[in-house]
Amino acid sequence: MSASMTESREPESPPDSMGRKQVLEAMSGLMMGMFVAILASTVVANALPRIVSELGGSQSSYTWVVTTELLAMTATVPLWGKLSDLYNKKLLIQLSLGLFVVGSLVAGFAGNIELLIGSRVAQGIGAGGLTALAQVIMAAIVSPRELGKYSGVFGAVFAVGTIAGPLIGGVMVDTSWLGWRWCFFLGVPFAIAAILLLQRTLNLPTVRRDVKVDYLGAFLIMAGVSTLLVWSSLAGHQFAWGSAWTAGLVTAGVLILALAVYVESKVAEPILPLGLFRNRTVTLTTLASFLVGVAMFGGTVFLSQYFQLSLGKSPTVAGLLSLPMIFGLLVSSTVSGQLISRTGKWKSHLLLGSALMTAGLALLGTLDSKTNLVVLGAYMVVLGVGVGMLMQNLVLVAQNDVDAQDLGTATSTLSFFRSLGGSIGVSALGAVLANRVTALITEDLGPLPGGGEGGAVPNIATLPEPVANVVRNAYGEATSELFLISAPIALLVIVAVAFLKHKPLKTQSGNERLAEETAADAVA
């Protein structure tokens, strides 16, 4: 750190250690905010086939409704994380909740698929803030050694939101006097409540720094990532993988990102500090997070569509079918967090979690339109347990091995690459799904309106039984192929985790470490 930056860092108030009661009070608002972010994606999961069908959307539109939010969240996470290192974290997380409210209201009143997709951008920007800031704030007030205990609460909220979301969304879609629009309105009161709770319970010292935000770097990162994600979403059905469009978009995306790297290497306060990646732990956990995003999000986001279009279940039942995976995630994240806090040992949890995630994806690669629900549930439990042991603990390990002043940037970097992996996985595998469904249906029936690439997502209930059976088989086979693609990617997570060096977990919170680092810099 330069002398000028050291002199400009002035804590407004001392970062006193918070007791368990104070931490839990502050967590109430954070958990409400996290619940809102989770609800944004899960509540529409089982409603999407009906929403896209009613708004006249296509299979591509189905993918874009999911991808757009992931894209906006992915592109803005690094900016939110960097801002949290420079400005008031409490104000930033309240701002992100406000953006989420705006996006939810627009989505609820959307009259066409284009407006719905546009509204998901605002939701994604807000969710990006919540994703980055909730974990940053927790690391600021709780030590890495103690964070495992509270990670269990994060896991519980994640599980409740993921369980309640699809169930509530399914019930709303199946209830004539409510309808799918309430899937978006539902999160608004929770977001407003979270803003009020954070205002009352969260007290953080403000650190003033005389620095400039690297807006050019942020713009270039967002532009480069967005260009590549647009390509991965459209290639294969809007244009060929080997077309001039592919060459143009990929070249443009790579060049923009190369320029972003150059800018980041020159500015004093980069959005993604390249120096962070000299840290072996940060590099490996970032790689693992990216691969987890590709494998998990890319594979599981289409499960709801499989439940409804291949197994012929209602939105409500589709929500119930997701319970085994969420149960596995809830139990493993809670138990693993407690054990890590008690023993201080974390590597074995990451290795076992990555192995179970890989196994779960491989097992799900065997499903089809006739898979037994009990067997399917067992496979989902394996996947859920693996993910629960892995995702939050990767963040914990990275936070433990960076300077306190870089907590926000390091945390958001992991979230960024995990979301980036998820966005690439959803868009690329969505294109694979659309192509495979088209090919499989065409093999049996020839071109089918509403069943193929570019056509509307089919409504199984309105199709003649012979045709419906072909569509079910096509979606079952195509979905299993997505998991078979995801499993080898997950296998690479095991390799990345194996090369992590085990380091003891620190016993000081981020605020306490920041005070020591600031004092040491001042003396130097």
Side-chain angles (χ1 to χ4, degrees), residues 1 74-86 128 131-140 142-145 147-148 151 214 217-218 221 225 257 260-261 263-265 267-295 340 344-347 349-351 353-354 389-422 424 492-510 513-514 516-517:
M1 182 184 297
T74 301
T76 57
V77 160
L79 183 58
W80 285 111
K82 189 61 184 179
L83 290 174
S84 74
D85 284 334
L86 307 178
T131 300
L133 296 169
Q135 297 182 88
V136 171
I137 291 171
M138 282 303 300
V142 180
S143 71
R145 181 64 185 262
L147 196 56
S151 294
D214 177 25
I221 291 171
V225 168
L257 289 177
V261 170
V263 170
E264 295 297 271
S265 68
V267 298
E269 288 287 339
I271 295 295
L272 284 176
L274 301 181
L276 268 182
F277 296 102
R278 297 192 189 99
N279 183 313
R280 176 178 169 179
T281 300
V282 172
T283 300
L284 290 173
T285 53
T286 298
L287 174 61
S289 294
F290 175 80
L291 295 171
V292 167
V294 174
I340 288 174
K345 301 183 183 300
W346 49 263
K347 188 167 183 177
H349 295 263
L350 293 183
L351 284 170
S354 54
M389 297 180 71
L390 193 61
M391 283 182 62
Q392 190 63 32
N393 290 331
L394 283 172
V395 178
L396 169 63
V397 171
Q399 290 174 335
N400 181 64
D401 201 29
V402 297
D403 292 338
Q405 64 188 12
D406 293 324
L407 271 176
T409 303
T411 302
S412 64
T413 297
L414 261 68
S415 298
F416 168 71
F417 279 97
R418 185 176 63 225
S419 298
L420 177 61
I424 291 173
L492 297 176
V493 178
I494 302 177
V495 178
V497 169
F499 281 97
L500 282 170
K501 182 179 180 180
H502 190 281
K503 295 185 178 181
L505 296 179
K506 294 181 173 68
T507 57
Q508 292 176 302
S509 70
R513 288 157 59 193
L514 179 60
E516 286 191 1
E517 291 170 12

Who pairs with [X] by side-chain contact (heavy atoms from CB on, under 4.5 Å), at least two apart in sequence or on another chain?
{"X": "V267", "value": "D214, V263, E264, P270"}
{"X": "T285", "value": "T281, L394, V397, A398, L414, L500"}
{"X": "I494", "value": "S354, A355, T358, L491"}
{"X": "T76", "value": "W80, I125, M222"}

To the nearest 0.5 Å, how far apart are [atom1] in [X] and [atom2] in [Y]?
{"X": "L257", "Y": "I221", "atom1": "CG", "atom2": "CD1", "answer": "8.0 Å"}
{"X": "L291", "Y": "L390", "atom1": "CG", "atom2": "CG", "answer": "10.5 Å"}
{"X": "M389", "Y": "L350", "atom1": "CE", "atom2": "CG", "answer": "8.0 Å"}

**Request:** Answer whether the closest heavy-atom distance between the side chains of L284 and V497 falls below 4.5 Å.
**Result:**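 They are not in side-chain contact.
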
**Message:** List the residues meeting side chain to side chain donor-acceptor pair (under 3.5 Å) with K503, not counting sequence neighbours, and say none if there are none.
**Reply:**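 K503 satisfies side chain to side chain donor-acceptor pair (under 3.5 Å) with D401 once adjacent residues are dropped.
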
**Prompt:** CZ of F277: more than 12 outside heavy atoms within 6.0 angstrom?
**Reply:**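 Enclosed: over 12 neighbouring heavy atoms sit under 6.0 Å from CZ of F277.
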
**Message:** Once you measure the plane-to-plane angle for H502 and W346, does it fall in the parallel (<30°), tilted (30-60°) or perpendicular (>60°) bin?
**Reply:**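 Ring orientation of H502 relative to W346: parallel.
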
